[in-house]
2 protein chains.
Amino acid sequence: MRIGKLAQRAGTRAKTLRFYEKQGLLPPADRTPSGYRDYEPDAVNRIDFIHRGQAAGLTLAQIRQILDIRDSGSSPCEHVRNLLDARLCEIEQQIAQLTALHDSVVALRDAAADPAPATCDPGLVCRYL
Amino acid sequence: MRIGKLAQRAGTRAKTLRFYEKQGLLPPADRTPSGYRDYEPDAVNRIDFIHRGQAAGLTLAQIRQILDIRDSGSSPCEHVRNLLDARLCEIEQQIAQLTALHDSVVALRDAAADPAPATCDPGLVCRYL
DNA sequence: CTTGACCTTCCCCTGTACTGGAAGGTCCAG
DNA sequence: CTGGACCTTCCAGTACAGGGGAAGGTCAAG
């Protein structure tokens, strides 16, 4: 299977697959005599795995770590658990930060909804911020 | 006042202020005969405003829009209200996405905490993702 | 035989908010 | 007069995940 077909089946683009190969997420593909990349049908599984990792919020570098462990013959289970735990902490922090930001922006917007915008002090740029 | 002093008073760095000037957030500064930037003391207010905008989650481009409106002589109040409203929507969407991501990562991690990691199928890279 | 779809490598570009460093000029204290 | 702190400009790079487009090779259909 050539790269365009594989991309189509995996729901991505040829350009992205070349990028993944260059980043070490996909092993260098076999080539046809004319130099075209030639993939086995199960290559789509690896790309699906990359997509699942992305859906879990992992970076390509983290996904590559998992893939490297798997490719070296060992089981990446523990590493995956650690990554997921770390990712959870990050997500919780991000949610906490966004919630705090949400509250302060609500306060600002409520102040900005207050009538009497004519009282702006030209020296202050904007009395709402 | 020279750039280093202004940076210190505004709680940032000279490099950042030059960057802001190049991005149009600060007007081109006056220069001393030897070419040094020379600021009025109230320049710090404009930098504080930029910081408050950032604290509200606005991008430098959005802050520059507000500053441009103010610099053109009109009142940016309505524009600020619109920006804050739009920002609120974005924040709420981000929180919703992160919450959904959180739940699915929790599910993945719980599955990964399940004993019997020896049953991994080598063809699947990792049974947890 | 030609056309169009597909493939190859290559390098640069996107957006965000800076940061680092080189090469050189200025200012002030000792 | 020299050293160090400060300033100037410009070039380049950071992280992230690709995208754009050039210049050229390959393949199958009509």
Side-chain angles (χ1 to χ4, degrees), chain A residues 1-26 28-39 43 46-67 83 86-87 90-91 94 97-98 101, chain B residues 1-26 28-39 43 46-67 83 86-87 90-91 94 97-98 101:
Chain A
M1 182 172 22
R2 293 191 306 192
I3 196 169
K5 191 76 181 174
L6 176 61
Q8 188 190 340
R9 288 200 188 168
T12 185
R13 297 186 214 180
K15 203 111 194 181
T16 303
L17 296 185
R18 289 191 203 100
F19 172 72
Y20 285 172
E21 179 179 310
K22 203 169 57 178
Q23 298 304 112
L25 288 144
L26 297 178
D30 289 341
R31 301 293 180 128
T32 67
S34 58
Y36 288 9
R37 284 177 182 78
D38 188 22
Y39 294 93
R46 196 176 177 101
I47 303 167
D48 284 346
F49 176 79
I50 294 171
H51 289 342
R52 288 195 299 277
Q54 287 189 305
L58 301 180
T59 66
L60 292 185
Q62 290 172 322
I63 295 168
R64 193 181 59 163
Q65 285 174 14
I66 300 172
L67 257 4
L83 280 178
R87 187 74 194 104
E90 286 173 19
I91 292 171
Q94 287 174 14
Q97 284 176 11
L98 277 176
L101 182 56
Chain B
M1 180 171 27
R2 291 190 308 193
I3 197 169
K5 190 77 181 173
L6 176 61
Q8 189 189 340
R9 287 199 188 168
T12 184
R13 297 186 215 177
K15 202 111 194 182
T16 303
L17 296 184
R18 288 189 204 101
F19 173 72
Y20 285 171
E21 180 179 310
K22 203 169 57 176
Q23 298 303 114
L25 288 145
L26 297 178
D30 289 341
R31 300 294 178 129
T32 66
S34 57
Y36 288 8
R37 287 177 181 79
D38 188 22
Y39 294 94
R46 197 177 176 99
I47 302 166
D48 283 347
F49 176 79
I50 295 171
H51 288 343
R52 287 195 299 278
Q54 287 190 303
L58 301 180
T59 66
L60 291 184
Q62 291 172 323
I63 295 167
R64 193 182 61 163
Q65 285 175 13
I66 301 172
L67 258 4
L83 279 178
R87 187 73 194 105
E90 286 174 18
I91 292 171
Q94 287 174 15
Q97 283 176 11
L98 276 176
L101 182 56

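Residue numbers start from 1 in every chain, and the chains themselves are labelled A, B, ... in the order their sequence lines are given, proteins ahead of strands. The shown structure was predicted, so the numbers you read here are calculated from the model rather than taken from an experiment.
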Asks: Have a look at the helix from dC1(C)-dG30(D) to dG30(C)-dC1(D) and give the angle its two end axes make, five pairs each, rounded to 10 degrees.
Replies: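 Roughly 30°, once rounded to the nearest ten degrees.
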Asks: Look at the side chain of Arg46(A) and the backbone N and O of Leu25(A), then say whether any donor-acceptor pair between them is shorter than 3.5 Å.
Replies: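 Checked: pair present.
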Asks: Name the residue closer to the 5' end of DNA chain D, choosing between Gly4(B) and Lys22(B) according to the nucleotide with the nearest heavy atom.
Replies: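 Closest to the 5' end, via its nearest nucleotide, is Gly4(B).
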Asks: Given 3.5 Å as the limit, does a donor-acceptor pair link the side chain of Gln62(A) with the main chain of Thr59(A), or not?
Replies: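 Flag set: sc Gln62(A) to bb Thr59(A) pair under 3.5 Å.
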Asks: Would you give the length of the straight line joining atom OH of Tyr39(A) to atom CD1 of Ile47(A), rounded to the nearest 0.5 angstrom?
Replies: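 If I round to the nearest 0.5 Å, the distance is 7.0 Å.
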Asks: Charged N to carboxylate O below 4.0 Å: is that the case for Arg87(B) and Glu90(B)?
Replies: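 Glu90(B) and Arg87(B): salt-bridged.
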Asks: Calculate the interatomic distance between Ile3(A) atom CD1 and dC6(C) atom P; express it in whole Å.
Replies: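 Value for this atom pair: 13 Å.
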Asks: Do the non-hydrogen side-chain atoms of Arg31(B) and Arg37(B) ever get within less than 4.5 Å of each other?
Replies: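 Arg31(B) vs Arg37(B): side chains touch.
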Asks: Please table the atom pairs, donor to acceptor, closer than 3.5 Å between any side-chain atom in residues 3-15 of chain A and protein atoms at least two apart or in another chain.
Replies:
none

Asks: Which is more 5' along DNA chain C, the nucleotide nearest Arg2(B) or the one nearest Arg2(A)? Just name the residue.
Replies: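 Nearest-nucleotide comparison on DNA chain C picks Arg2(A).
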Asks: Whole angstroms only, please: what is the CD-P distance between Glu21(B) and dC7(D)?
Replies: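 Between P of dC7(D) and CD of Glu21(B): 14 Å.
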Asks: In whole Å, what is the span from the CD atom of Gln8(B) to the P atom of dC6(D)?
Replies: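 So the two atoms are 9 Å apart, to the nearest Å.
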Asks: Polar-atom pairs under 3.5 Å, protein N or O versus N or O of nucleotides 14-18 of chain D: list them with distances, or write none.
Replies:
unit_1: dA17(D); atom_1: OP2; unit_2: Leu60(A); atom_2: N; d: 3.4
unit_1: dG18(D); atom_1: OP2; unit_2: Tyr20(A); atom_2: OH; d: 2.8
unit_1: dG18(D); atom_1: OP2; unit_2: Gln54(A); atom_2: NE2; d: 2.9

Asks: Counting only side-chain heavy atoms from C-beta out, which of dG20(C), dC27(D), dT26(C) sits nearest to Tyr36(A)?
Replies: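 Nearest nucleotide to the side chain: dC27(D).
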Asks: Less than 4.5 Å apart, side chain to side chain, heavy atoms only: is that true for Tyr20(A) and Gln23(A)?
Replies: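 Answer no - side chains too far apart.
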Asks: If only side-chain N and O atoms of Arg13(B) are considered, is one of them under 4.0 Å from the OP1 or OP2 phosphate oxygen of dC18(C)?
Replies: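 So the side chain of Arg13(B) is outside the cut-off, no N or O lying under 4.0 Å from OP1 or OP2 of dC18(C).
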Asks: Check the phosphate of dT8(C) against Arg37(A), side-chain N and O only, distance under 4.0 Å to OP1 or OP2. Yes or no?
Replies: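 Answer is yes, contact under 4.0 Å.
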Asks: Just by distance, do the side chain of Asp38(A) and the backbone of Met1(A) share a donor-acceptor pair under 3.5 Å?
Replies: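 Here the side-chain-to-backbone pair exists.
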Asks: Roughly, in whole Å, what's the span from CD in Gln62(B) to C1' in dT16(C)?
Replies: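 In whole Å, dT16(C) C1' lies 12 Å from Gln62(B) CD.
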Asks: Please state how far atom NZ in Lys5(A) lies from atom C1' in dC6(C), giving the value in whole angstrom units.
Replies: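 Taking atom C1' of dC6(C) as the reference, NZ of Lys5(A) is at 13 Å.
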Asks: Measure CG/Leu17(B) against P/dT8(D) and give the value in whole Å, please.
Replies: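 Rounding to the nearest Å, CG of Leu17(B) and P of dT8(D) are 10 Å apart.
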Asks: Mind calculating the distance between CG (Asp38(A)) and P (dT26(D)) to the nearest angstrom?
Replies: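 Result: 16 Å.
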Asks: Within the pair Ser34(B) and dT8(D), is there a side-chain N or O less than 4.0 Å away from OP1 or OP2?
Replies: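 Indeed not, no polar side-chain atom of Ser34(B) lies that close.
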Asks: Measure from CZ on Arg64(B) to P on dC18(C) and round the result to the nearest Å.
Replies: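 About 15 Å, once rounded to whole Å.
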Asks: Find the distance between CG (Leu60(A)) and CD (Gln54(A)) and round it off to the nearest 0.5 Å.
Replies: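 Output value for this atom pair is 5.0 Å.
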